[in-house]
There are 2 protein chains.
Amino acid sequence: MIIFFIEVKDLPESWKDVFHRFNKKATPSRRAILEVFEEKGQHLSAEDVYEHLRAKKKKVGIATVYRNLDLLLRMGILRKVNFGDGREHYEICRTAQFHHHLICTQCGQVVDCEGMTQEEEQFLQRLRKEFEQKQGFVVHSYHIYFYGLCPRCR
Amino acid sequence: MIIFFIEVKDLPESWKDVFHRFNKKATPSRRAILEVFEEKGQHLSAEDVYEHLRAKKKKVGIATVYRNLDLLLRMGILRKVNFGDGREHYEICRTAQFHHHLICTQCGQVVDCEGMTQEEEQFLQRLRKEFEQKQGFVVHSYHIYFYGLCPRCR
DNA sequence: ATAAGTGCAAAGGATTTGCGATGGG
DNA sequence: CCCATCGCAAATCCTTTGCACTTAT
């Protein structure tokens, strides 16, 4: 027996389609950068991305890396995070679970904090409303940074 | 009638004493920088501090500003905050109420968010424990950034 | 074909550093 | 008086930009 009906919920749009939707070209550089984020995952600096590309024998200039990190940011594919080390870091949104960061103030190590749930939702929903009323802002996202000492530094 | 007993709870240590405790000199530059934070308050960049000093006719070199912002940070008098605008900002801890930040992603305007209370305490207390168990970190502080659109940009 | 994207090298902006001069304890 | 601190200018680090060449559509 053959099942003819296959439920496909939220089939993710291909990167090519995403670029197309933004009237941007799906160039090799851009694909390669996204590949790095999909493989290496979290919070990479421009230099990190550049090094990973070199390691993979993909020749992409550092300027192109910067330009495309910014583009991907504006397209909503990456988000920018900052750990106070003097450079910007980027994370991919789609493949990574939404999370926050725990930063060692001694050595700079950064750990992702995933899996905060309902309680967080409720807490932030309340704050969001408060800001929208008190300050007149529309809040569309937030980020929590925790600071402390990692196992080795404590 | 004279009241002989005056209750003085938590008399704040003078800046001079704080410097002394850290074996650092209470120089005019340092006093002037602290004065700026006490008067102008929130999230100033090194350049901001430098400009305010000039406006007050205090001649302090920009290098000295940077060196002392870092010193005051390490002494726990200032904390560093980052709004993604390519420069670091600093806030004074003692005189300012603990607060978070609401950032307009369009124009970069930053608003302080004060007065989150019990609920926040509880919520973050739970997370703190979770991290200490799961990751082995000691968490000593945290910071929440909210992103959205300000009244003018929405 | 052609406008968008790229690489390179130079420019820009923020922060740090070297060093001789200064002044707080 | 002496070492920490300062001012200045040069150095460094991250990021952006100008321009001629290449390429995805």
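Since the structure is predicted, the reported quantities are computational estimates derived from the model, not experimental observations. Labels below follow one simple rule: chain letters A, B, ... track the order of the sequence lines, proteins then strands, and each chain is numbered from 1.
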Given [options], the nucleotide with the shortest approach to the side chain of [X]:
X       : options                : value
A:Pro28 : C:dA14, D:dT15, D:dA24 : D:dA24
A:Arg67 : C:dT15, C:dT6, D:dT16  : C:dT6
A:Ala63 : C:dG5, C:dA9, C:dG25   : C:dA9
A:Lys25 : C:dG5, C:dT16, C:dG25  : C:dG5
A:Thr27 : D:dT15, C:dG5, C:dT15  : C:dG5

For side-chain hydrogen bond (donor to acceptor under 3.5 Å, both in side chains), just list the numbers for A:Trp15 and A:Glu38, CA-CA rounded to whole Å, side-chain angles, deciding distance to a tenth of an Å, and then say yes or no. CA-CA 12 Å; A:Trp15 291 128; A:Glu38 286 180 318; 3.0 Å; yes
For A:Tyr50 and B:Ser45, take the nucleotide of DNA chain C holding the closest heavy atom to each; which residue's nucleotide lies nearer the 5' end? A:Tyr50
Position toward the 5' end of DNA chain C (nearest nucleotide), B:Tyr90 or A:Asn23: A:Asn23
With side chain to side chain donor-acceptor pair (under 3.5 Å) as the rule and sequence neighbours excluded, what pairs involving residues 60-72 of chain B come up?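 Of all non-adjacent pairs touching residues 60-72 of chain B, those that pass side chain to side chain donor-acceptor pair (under 3.5 Å) are B:Arg30-B:Asn68, B:Asp70-B:Arg74.
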Using a cut-off of less than 4.0 Å, is there contact between a side-chain N or O of A:Tyr66 and OP1 or OP2 of D:dT16? no
Rounded distance (Å) that lies between atom [atom2] of [N] and atom [atom1] of [X]:
X       : N      : atom1 : atom2 : answer
B:Asn82 : D:dC14 : CG    : C1'   : 13 Å
A:Leu71 : D:dT15 : CG    : C1'   : 16 Å
B:Glu88 : C:dT15 : CD    : P     : 6 Å
B:Arg30 : C:dT22 : CZ    : C1'   : 14 Å
B:Asp85 : C:dA14 : CG    : P     : 9 Å
B:Lys59 : D:dC8  : NZ    : C1'   : 16 Å
B:Lys24 : D:dC3  : NZ    : P     : 15 Å
A:Phe22 : D:dT25 : CZ    : P     : 16 Å

Quiz: residues 145-154 of chain A side-chain donor-acceptor pairs under 3.5 angstrom, not counting sequence neighbours:
residue, atom, partner, partner atom, Å
A:Tyr145, OH, A:Asn82, N, 3.1
A:Arg154, NH1, B:Gly136, O, 2.8

Does atom CZ of B:Arg94 have more than 12 heavy-atom neighbours from other groups under 6.0 Å away? yes
For B:His20 and B:Lys16, indicate whether the former's side chain and the latter's backbone hold a donor-acceptor pair under 3.5 Å.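 No, the answer is negative, given that no donor and acceptor are paired below the 3.5 Å cut-off.
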Touch class at under 4.0 angstrom, heavy-atom based, for B:Asp70 against every strand present: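 Contact class for B:Asp70: none.
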